**Student:** 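Sharing a structure here in structure tokens format.
Proteins come first, then strands; the chains are lettered A, B, ... in the order of their sequence lines, and each starts at number 1. Just so we're clear, the structure is a prediction, and the values are computed from it rather than from any experiment.
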2 protein chains.
Amino acid sequence: MTREAQGKGATTSTLWDRTRELAAQEIPRTALRLFTQQGYDETTIAQIAREAGVSQRTLFRYFGTKEDLIGGSEERFVTLLTETVREQPADAGVWEALRAAFKAALSLHASPEQALQRFRLVHHTDSLRAAYLGKRVRCQEELLPLLEARLAPSGTDRGQARAIVATAFACFDAAIATWIEGNGQGDILDLYDQGLAAVRS
Amino acid sequence: MTREAQGKGATTSTLWDRTRELAAQEIPRTALRLFTQQGYDETTIAQIAREAGVSQRTLFRYFGTKEDLIGGSEERFVTLLTETVREQPADAGVWEALRAAFKAALSLHASPEQALQRFRLVHHTDSLRAAYLGKRVRCQEELLPLLEARLAPSGTDRGQARAIVATAFACFDAAIATWIEGNGQGDILDLYDQGLAAVRS
DNA sequence: GGAGATTTGGCAGTCTCTGCCAACGCGGCG
DNA sequence: CGCCGCGTTGGCAGAGACTGCCAAATCTCC
């Protein structure tokens with residue numbers, strides 16, 4: 001990992017690195033399977049490690065906590081959101097910028113089915129949901145200064161900017177909850193737009 | 001606890017019950033003191049139990065988890081919010097009803113200083129904050145059907161109602177965060193109003 | 001092939017939290 | 001008064017997540 005690593009060219013990725021990456025993909029896949037089969041709390045780290053073919057110690061080296069086995073690393077998520085917001089044209093409003101960020105975040109999922117599976121799992125497991133919400137507010141805090149800059153011209157203060165960011169994320173979560181309730185019918189972003197429209201009536 | 005318990009009359013509360021209640025108040029007080037002194041993660045259950053004069057086992061019987069030592073039981077919070085919303089006149093809008101609920105929730109704190117202390121602790125401790133957010137969304141879910149009823153006449157669907165509730169709580173949290181940042185200056189409800197005004201511009 | 005760096009695995013330990021059982025204190029019964 | 005039922009308490013053992021520490025295995029580079 002300390003090496004120059006991901007040469008998209010050919011030879012720089014040694015067979016060893018590829019094996020490592022395979023393991024790194026195998027572990028969360030096994031975890032997700034077991035979680036959906038028997039529940040999050042009923043699945044132990046020992047079992048995941050055994051079925052994934054690694055030791056507990058190694059598993060914890062790849063993923064710091066049990067919650068990290070779902071939903072990938074937080075940094076990737078944060079950087080995706082911040083980068084997307086940064087890429088938005090300067091004259092785009094904060095609501096448009098945030099919407100674009102959510103759209104980008106949703107595109108991370110391989111398929112709607114997989115997304116539904118993960119969302120359901122997180123939504124129905126208290127500890128997972130709490131962990132997700134924790135990451136979410138950290139995202140909000142990272143995004144705050146960026147959006148504050150966009151809002152400054154209109155005389156919006158920091159507290160108001162915080163409320164706007166929090167609202168956007170809240171409506172995003174609400175959209176996901178509604179989407180889960182409808183078993184994945186419809187489009188999450190449409191639900192988001194409808195929710196936000198009701199809020200800003 | 002199974003006895004008829006709190007007779008506000010005199011003789012029904014035995015000396016034994018009073019001792020129990022004292023212990024139940026002493027434990028979270030000790031916990032809060034230690035948490036603010038040396039930090040949440042740096043304080044162990046063993047230490048709290050020792051300084052409060054009870055065994056670990058008893059401590060866990062009173063408060064199911066370490067997080068419950070802060071912020072009291074969730075049910076009390078939920079019932080306060082739901083009761084307050086229910087008490088609102090039928091023609092009151094959802095925003096007014098929710099605002100009244102938040103006002104009631106804030107009145108639970110003995111003093112602004114104590115509130116600031118607790119808010120700061122929760123806000124700056126990842127695990128505590130995650131636990132708080134978990135309780136918060138559970139509150140939202142309890143409140144949802146009540147507010148859905150109030151919104152039904154205006155042709156608002158469930159998803160939109162969820163977005164509205166989520167937004168109100170999000171702005172409430174944002175107000176608290178801003179209030180903490182300002183070291184307790186100003187009024188939380190004012191900050192809430194300002195945030196919501198910016199959102200609904 | 002060997003030296004150095006990196007990764008892995010095992011072990012012991014901490015901390016939260018739970019189940020189980022014995023000890024204690026309290027009230028009510030004969 | 002003595003005894004029994006009942007609820008509370010405390011200690012103990014254990015599960016489970018997670019962290020240092022050290023040795024063994026593995027890879028890379030020379």
**Student:** Show the nearest heavy-atom pair for residues B:Arg150 and B:Ala92, with the distance to one decimal.
**Tutor:**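 Of all heavy-atom pairs spanning B:Arg150 and B:Ala92, the closest is NH1-O, 3.2 Å.
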
**Student:** Could you list the donor-acceptor pairs under 3.5 angstrom formed by side chains in residues 191-201 of chain A, with sequence neighbours left out?
**Tutor:**
{"unit_1": "A:Asp193", "atom_1": "OD1", "unit_2": "A:Arg99", "atom_2": "NH1", "d": "2.9"}
{"unit_1": "A:Asp193", "atom_1": "OD2", "unit_2": "A:Arg99", "atom_2": "NH1", "d": "2.3"}
{"unit_1": "A:Arg200", "atom_1": "NE", "unit_2": "B:Val199", "atom_2": "O", "d": "2.9"}
{"unit_1": "A:Arg200", "atom_1": "NH2", "unit_2": "B:Ser201", "atom_2": "OG", "d": "2.8"}
{"unit_1": "A:Ser201", "atom_1": "OG", "unit_2": "B:Arg200", "atom_2": "NH2", "d": "2.9"}

**Student:** What is the distance, rounded to the nearest whole Å, between atom CD of B:Gln47 and atom P of C:dT16?
**Tutor:**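 Taking CD of B:Gln47 and P of C:dT16, I get 10 Å after rounding.
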
**Student:** How would you label the contact of A:Tyr62 with the nucleic acid (heavy atoms, under 4.0 Å): base, sugar-phosphate, or nothing?
**Tutor:**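 If one applies the 4.0 Å heavy-atom cut-off, A:Tyr62 turns out to touch the sugar-phosphate alone, with no base involved.
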
**Student:** Should the pair B:Arg29-B:Glu26 be classified as a salt bridge under the 4.0 Å nitrogen-to-oxygen rule?
**Tutor:**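 So B:Arg29 pairs with B:Glu26 through a salt bridge.
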
**Student:** Quickly work out the B:Leu59 CG to D:dG11 P distance and round it to whole Å.
**Tutor:**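 Taking CG of B:Leu59 and P of D:dG11, I get 13 Å after rounding.
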
**Student:** Can you check whether A:Arg138's main-chain N or O pairs, donor with acceptor, with A:Glu142's side chain at less than 3.5 Å?
**Tutor:**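 Flag not set: sc A:Glu142 to bb A:Arg138 has no pair under 3.5 Å.
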
**Student:** B:Glu42 has an atom CD; how far is it from atom P of C:dC15, in whole Å?
**Tutor:**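 Whole-Å distance recorded here is 11 Å.
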
**Student:** Does D:dG10 have its OP1 or OP2 closer than 4.0 Å to a side-chain nitrogen or oxygen of B:Ser55?
**Tutor:**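 For B:Ser55, the contact criterion (side-chain N or O under 4.0 Å from OP1 or OP2 of D:dG10) is met.
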
**Student:** Rounded to the Å, how far apart are B:Leu128 CG and C:dT16 P?
**Tutor:**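 Between P of C:dT16 and CG of B:Leu128: 12 Å.
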
**Student:** Give the angle between the helix axes at the two ends of the helix from C:dG1-D:dC30 to C:dG30-D:dC1, taking five base pairs at each end and rounding to 10°.
**Tutor:**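 Result, rounded to 10 degrees: 20°.
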
**Student:** Just grab all the side chain to side chain donor-acceptor pair (under 3.5 Å) pairs involving residues 100-114 of chain B, residues at least two apart or on different chains.
**Tutor:**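 Residue pairs with at least one partner in residues 100-114 of chain B: B:Ser111-B:Glu113.
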
**Student:** Any donor-acceptor pair under 3.5 Å linking the side-chain atoms of A:Thr79 with those of A:Glu75?
**Tutor:**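 No, because no side-chain N or O of A:Glu75 sits under 3.5 Å from a partner of the opposite role on A:Thr79.
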
**Student:** If you restrict it to nitrogen or oxygen atoms, what contacts under 3.5 Å exist between nucleotides 16-19 of chain D and the protein, and what is each distance?
**Tutor:**
{"unit_1": "D:dA17", "atom_1": "OP1", "unit_2": "A:Ile45", "atom_2": "N", "d": "3.4"}
{"unit_1": "D:dA17", "atom_1": "OP1", "unit_2": "A:Lys66", "atom_2": "NZ", "d": "3.1"}
{"unit_1": "D:dA17", "atom_1": "OP2", "unit_2": "A:Ile45", "atom_2": "N", "d": "3.2"}
{"unit_1": "D:dC18", "atom_1": "OP2", "unit_2": "A:Lys66", "atom_2": "N", "d": "2.6"}

**Student:** Under 3.5 Å, sequence neighbours excluded: what are the donor-acceptor pairs made by side chains of residues 38-45 of chain A?
**Tutor:**
{"unit_1": "A:Tyr40", "atom_1": "OH", "unit_2": "A:Glu67", "atom_2": "N", "d": "3.4"}
{"unit_1": "A:Thr43", "atom_1": "OG1", "unit_2": "A:Gly39", "atom_2": "O", "d": "2.7"}
{"unit_1": "A:Thr44", "atom_1": "OG1", "unit_2": "A:Gln47", "atom_2": "N", "d": "3.1"}

**Student:** I need the CZ-C1' distance between B:Arg61 and C:dC17, as an integer number of Å.
**Tutor:**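 Those two atoms, CZ and C1', are 13 Å apart.
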
**Student:** Please check this pair: side chain of A:Glu83 against backbone of A:Leu80, looking for a donor-acceptor N/O pair closer than 3.5 Å.
**Tutor:**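 Judged by distance alone, no pair lies under 3.5 Å.
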
**Student:** For B:Asp68 and C:dC17, what is the distance between atoms CG and C1' respectively, to the nearest whole Å?
**Tutor:**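 Those two atoms, CG and C1', are 12 Å apart.
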
**Student:** Distance-only criterion, 3.5 Å: show the donor-acceptor pairs between side-chain atoms of residues 179-186 of chain B and protein atoms not counting sequence neighbours.
**Tutor:**
{"unit_1": "B:Trp179", "atom_1": "NE1", "unit_2": "B:Gly184", "atom_2": "O", "d": "3.2"}
{"unit_1": "B:Trp179", "atom_1": "NE1", "unit_2": "B:Gly186", "atom_2": "O", "d": "3.2"}
{"unit_1": "B:Glu181", "atom_1": "OE1", "unit_2": "A:Arg158", "atom_2": "NE", "d": "3.4"}
{"unit_1": "B:Glu181", "atom_1": "OE1", "unit_2": "A:Arg162", "atom_2": "NH2", "d": "3.0"}
{"unit_1": "B:Glu181", "atom_1": "OE2", "unit_2": "A:Arg162", "atom_2": "NH2", "d": "3.3"}
{"unit_1": "B:Asn183", "atom_1": "OD1", "unit_2": "B:Arg120", "atom_2": "NH1", "d": "3.1"}

**Student:** Starting at CD of B:Gln38 and ending at P of C:dC15, how long is that distance when rounded to a whole Å?
**Tutor:**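 Rounded to the whole Å, the gap is 12 Å.
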
